[in-house]
Colleague: 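Here it is: the structure, laid out below.
This structure is a prediction, so every number in the text was calculated from the model and none was measured.
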Amino acid sequence: MDATSVRAAGSTALLTDRYELTMLQAALRSGAAHRRSVFEVFTRRLPNGRRYGVTAGTGRVLDAIEDFRFSTAQLDWLADEGVVEDDTLRYLADYRFRGDVRGYPEGEVYFPGSPVLTVEGSFAEAVILETVILSILNFDSAVAAAASRMTSAAGGRPCIEMGARRAHEQAAVAAARAAYIAGFDATSDLEAGFRYGIPTRGTAAHAFTLVHDSERDAFTAQIASMGRGTTLLVDTYDLREAVRTAVEVAGPELGAVRIDSGDLTLLAHRVRRQLDELGARDTKIIVTSDLDEYAIAALAAAPVDGYGVGTSLVTGSGHPTCAMVYKLVARESTPGGELLPVAKRSAGGKTSVGGRKWAARRPDADGVAEAEVIGTGAVPEELTAHRLQVPLVRAGEVVGREPLAAARERHVRARAALPLSATQLSKGEPVLATETPA
């Protein structure tokens with residue numbers, strides 16, 4: 001069968017592992033498929049040295065749940081491959097998630113054990129969402145955590161996401177979205193701008209200079225097309241000569257120059273001095289060239305006005321996943337009966353804690369967060385106003401969708417409420433301890 005004929009536009013149903021469906025089939029046979037069940041997404045630890053995590057991808061998860069539908073072509077393929085039997089195929093043909101989802105809203109920070117997402121429904125309808133939920137949250141949250149460290153290090157200077165060419169084309173769009181949540185100001189990726197309304201930026205690469213007979217010709221052409229407020233790339237040949245030519249062609253109204261190689265601290269100081277001497281005191285300096293949060297922090301004292309970040313951002317700055325897991329923590333004792341906590345007990349560091357969790361962030365007297373409190377059962381009265389999870393899906397209907405601007409604003413508040421040591425780039429333990437009420 002031709003591959004193009006089996007693609008279900010918009011469907012997320014096959015973005016899953018085979019064992020989700022084989023578990024479903026066996027559970028349908030045993031009757032366990034219809035037991036009310038609670039799954040939780042959490043991570044057992046943060047990446048080495050990280051002080052906090054950042055929740056991102058929740059909005060994409062909601063879209064994925066809505067689009068989790070099996071087309072006729074997909075069901076035919078599952079049958080042809082012998083993945084599941086006819087009874088299971090009939091179940092999948094009518095599949096709709098009709099359960100409930102709660103979770104940390106996008107932009108919120110999290111810590112080891114935080115119930116980032118809670119999915120409640122029948123075992124059958126909840127278990128097959130595992131892979132697609134984890135693939136989204138693990139990637140998006142990894143990018144957002146890196147982006148948060150970068151925007152913190154930037155100290156208010158704008159950051160532009162430029163990693164599209166360093167990632168899978170769809171991952172690049174997701175990365176731009178996650179980076180925007182964590183404070184990046186714009187992206188170079190047009191699909192991300194189209195799909196999510198993220199501001200886009202970009203002017204010219206070295207190829208544009210090289211295709212012209214001279215640097216002056218290239219600058220003249222760019223300014224004629226984009227105006228004097230454009231950004232000229234000045235390190236193709238001789239940096240000092242390029243800056244002089246740029247100001248001669250554009251005048252002191254030149255918007256910015258971009259430096260993409262070399263000792264960025266030294267060169268930024270030299271270029272700033274030269275621009276000022278040429279009368280272009282308002283012309284900004286943008287730096288790129290394999291930046292990460294450490295390089296950005298090292299440029300804090302340099303006369304830099306903005307950063308373009310690519311590879312390190314879309315790869316989570318060395319930690320491309322958050323190691324989030326999706327675990328069953330409670331299930332019905334009998335049909336319609338009470339929920340019983342369940343948990344993995346084996347050795348090897350992969351144990352889990354049973355029971356549906358709630359989470360709250362306890363502030364101190366000054367309003368600074370001092371602990372992530374995670375428990376089961378009743379929420380202590382003094383913590384009810386500080387609960388972290390919000391409704392996302394009720395009875396199969398999405399109720400928690402929000403604009404990206406809300407997630408961006410939430411992240412600013414959440415990060416600002418952490419102890420100051422949260423933004424240190426030196427290695428350390430999570431800035432908040434996870435506590436369980438007695």
Side-chain angles (χ1 to χ4, degrees), residues 8 11-44 57-58 60-71 74-75 77-79 81-103 115-138 323-346 350-357 392-398:
S11 172
T12 56
L14 292 185
L15 298 177
T16 191
D17 291 309
R18 178 171 175 142
Y19 82 164
E20 312 291 6
L21 300 191
T22 55
M23 279 194 290
L24 168 64
Q25 176 169 290
L28 287 169
R29 284 190 175 189
S30 72
H34 306 296
R35 280 183 167 174
R36 189 80 175 170
S37 300
V38 180
F39 287 83
E40 285 178 356
V41 176
F42 62 94
T43 186
R44 295 183 175 94
T58 311
R60 296 206 308 121
V61 165
L62 298 181
D63 293 340
I65 291 174
E66 282 191 329
D67 293 338
F68 207 94
R69 308 280 191 273
F70 289 86
S71 70
Q74 289 173 325
L75 293 168
W77 179 81
L78 291 172
E81 293 295 311
V83 176
V84 289
E85 298 170 350
D86 288 348
D87 287 348
T88 307
L89 290 171
R90 282 191 287 272
Y91 175 87
L92 294 176
D94 295 327
Y95 178 86
R96 301 289 186 274
F97 180 74
R98 297 179 175 86
D100 301 324
V101 181
R102 295 180 60 84
V116 172
L117 202 74
T118 302
V119 180
E120 184 168 350
S122 71
F123 179 83
E125 63 185 340
V127 72
I128 60 176
L129 296 175
E130 174 183 6
T131 302
V132 69
I133 286 176
L134 287 179
S135 66
I136 292 171
L137 291 179
N138 267 314
M324 290 183 181
V325 294
Y326 185 96
K327 296 299 180 183
L328 181 67
V329 296
R331 52 102 173 154
E332 276 182 335
S333 55
T334 57
E338 64 176 337
L339 284 173
L340 298 177
V342 295
K344 180 177 178 179
R345 300 297 186 194
S346 63
K350 287 191 173 182
T351 59
S352 56
V353 178
R356 186 203 286 122
K357 316 295 188 307
L392 298 170
V393 179
R394 286 198 188 102
E397 297 296 322
V398 172

Colleague: For the CZ atom of F42 and the CG atom of L137, what is their distance to the nearest 0.5 Å?
Modeller: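 Between F42 CZ and L137 CG, I get 13.5 Å after rounding to 0.5 Å.
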Colleague: By salt bridge (charged side-chain N to carboxylate O under 4.0 Å, His left out), which residues pair with R90, not counting sequence neighbours?
Modeller: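 For R90, the residues satisfying salt bridge (charged side-chain N to carboxylate O under 4.0 Å, His left out) (neighbours in sequence not counted) are D87.
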Colleague: Could you tell me which residues satisfy side-chain contact (heavy atoms from CB on, under 4.5 Å) with A13, sequence neighbours excluded, listed by chain and number?
Modeller: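 Partners of A13 by the side-chain contact (heavy atoms from CB on, under 4.5 Å) criterion, ordered by chain and then number, come out as S11, F68, F70, Q74.
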Colleague: Return the CD to NE2 distance between E125 and H34, rounded to the nearest 0.5 Å.
Modeller: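 Taking CD in E125 and NE2 in H34, the distance rounds to 10.5 Å.
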Colleague: Does T58 have any side chain to side chain donor-acceptor pair (under 3.5 Å) partners at least two apart in sequence or in another chain, and if so, which?
Modeller: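 Residues passing side chain to side chain donor-acceptor pair (under 3.5 Å) with T58: none at all.
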Colleague: In chain order, what residues pass the salt bridge (charged side-chain N to carboxylate O under 4.0 Å, His left out) check against K357, with sequence neighbours excluded?
Modeller: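 For K357, the residues satisfying salt bridge (charged side-chain N to carboxylate O under 4.0 Å, His left out) (neighbours in sequence not counted) are E40.
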Colleague: Please enumerate all residues that pass side chain to side chain donor-acceptor pair (under 3.5 Å) together with R356, with sequence neighbours excluded.
Modeller: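 R356 satisfies side chain to side chain donor-acceptor pair (under 3.5 Å) with E120 only.
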Colleague: side-chain contact (heavy atoms from CB on, under 4.5 Å) for V61 and V101? Distances and angles first, verdict last.
Modeller: CA-CA 10 Å; V61 165; V101 181; 5.9 Å; no
Colleague: CG/L78 to CG/L14 distance, rounded to the nearest 0.5 angstrom?
Modeller: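 It is 5.5 Å, given to the nearest 0.5 Å.
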Colleague: Go through the steps for V393 and V398 under the test side-chain contact (heavy atoms from CB on, under 4.5 Å), then give the verdict.
Modeller: CA-CA 4 Å; V393 179; V398 172; 4.3 Å; yes
Colleague: Using side-chain contact (heavy atoms from CB on, under 4.5 Å) as the criterion, list what pairs up with E81, not counting sequence neighbours.
Modeller: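 Counting only residues at least two positions away or on another chain, E81 forms a side-chain contact (heavy atoms from CB on, under 4.5 Å) with W77, V83.
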Colleague: What distance do L340 atom CG and S37 atom OG have between them, rounded to the nearest 0.5 Å?
Modeller: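 Output value for this atom pair is 10.5 Å.
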Colleague: Within a strict 4.5 Å, meaning less than it, do heavy atoms of the L392 and L117 side chains meet?
Modeller: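 Counting from C-beta outward, L392 and L117 do come under 4.5 Å.
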Colleague: Rounded to the nearest 0.5 Å, how far does OH of Y95 lie from CZ of R69?
Modeller: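 Going from the CZ atom of R69 to the OH atom of Y95 covers 8.5 Å.
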Colleague: Donor-acceptor pairs are to be reported for all side-chain atoms of residues 22-32 against protein atoms at under 3.5 Å, with residues two or more places apart or in another chain.
Modeller:
from, atom 1, to, atom 2, distance (Å)
T22, OG1, Y19, O, 3.1
Q25, OE1, E85, N, 2.5
Q25, OE1, T88, OG1, 3.4
R29, NH2, E85, OE1, 2.5
R29, NH2, E85, OE2, 3.0
S30, OG, A27, O, 3.2
S30, OG, A32, N, 3.2

Colleague: For D67, enumerate each residue passing the side chain to side chain donor-acceptor pair (under 3.5 Å) test, keeping only those at least two apart in sequence or located in another chain.
Modeller: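 If we apply the side chain to side chain donor-acceptor pair (under 3.5 Å) test to D67, skipping adjacent residues, there are no hits.
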Colleague: Find the distance between CD1 (I136) and CG (L15) and round it off to the nearest 0.5 Å.
Modeller: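 Interatomic distance, I136 CD1 to L15 CG, rounded to 0.5 Å: 8.0 Å.
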Colleague: Excluding sequence neighbours, so at least two apart, what forms ring pair (Phe, Tyr, Trp, His ring centres under 6.0 Å) with Y326?
Modeller: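 By the ring pair (Phe, Tyr, Trp, His ring centres under 6.0 Å) rule, Y326 matches F39.
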Colleague: Could you list the residues that satisfy side chain to side chain donor-acceptor pair (under 3.5 Å) with T131, not counting sequence neighbours?
Modeller: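 Side chain to side chain donor-acceptor pair (under 3.5 Å) check on T131 returns D17, E20.
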Colleague: Can you pull out every salt bridge (Lys or Arg N to Asp or Glu O under 4.0 Å) where at least one residue sits in residues 329-342? Sequence neighbours excluded, please.
Modeller: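 Sorted pair list comes back empty.
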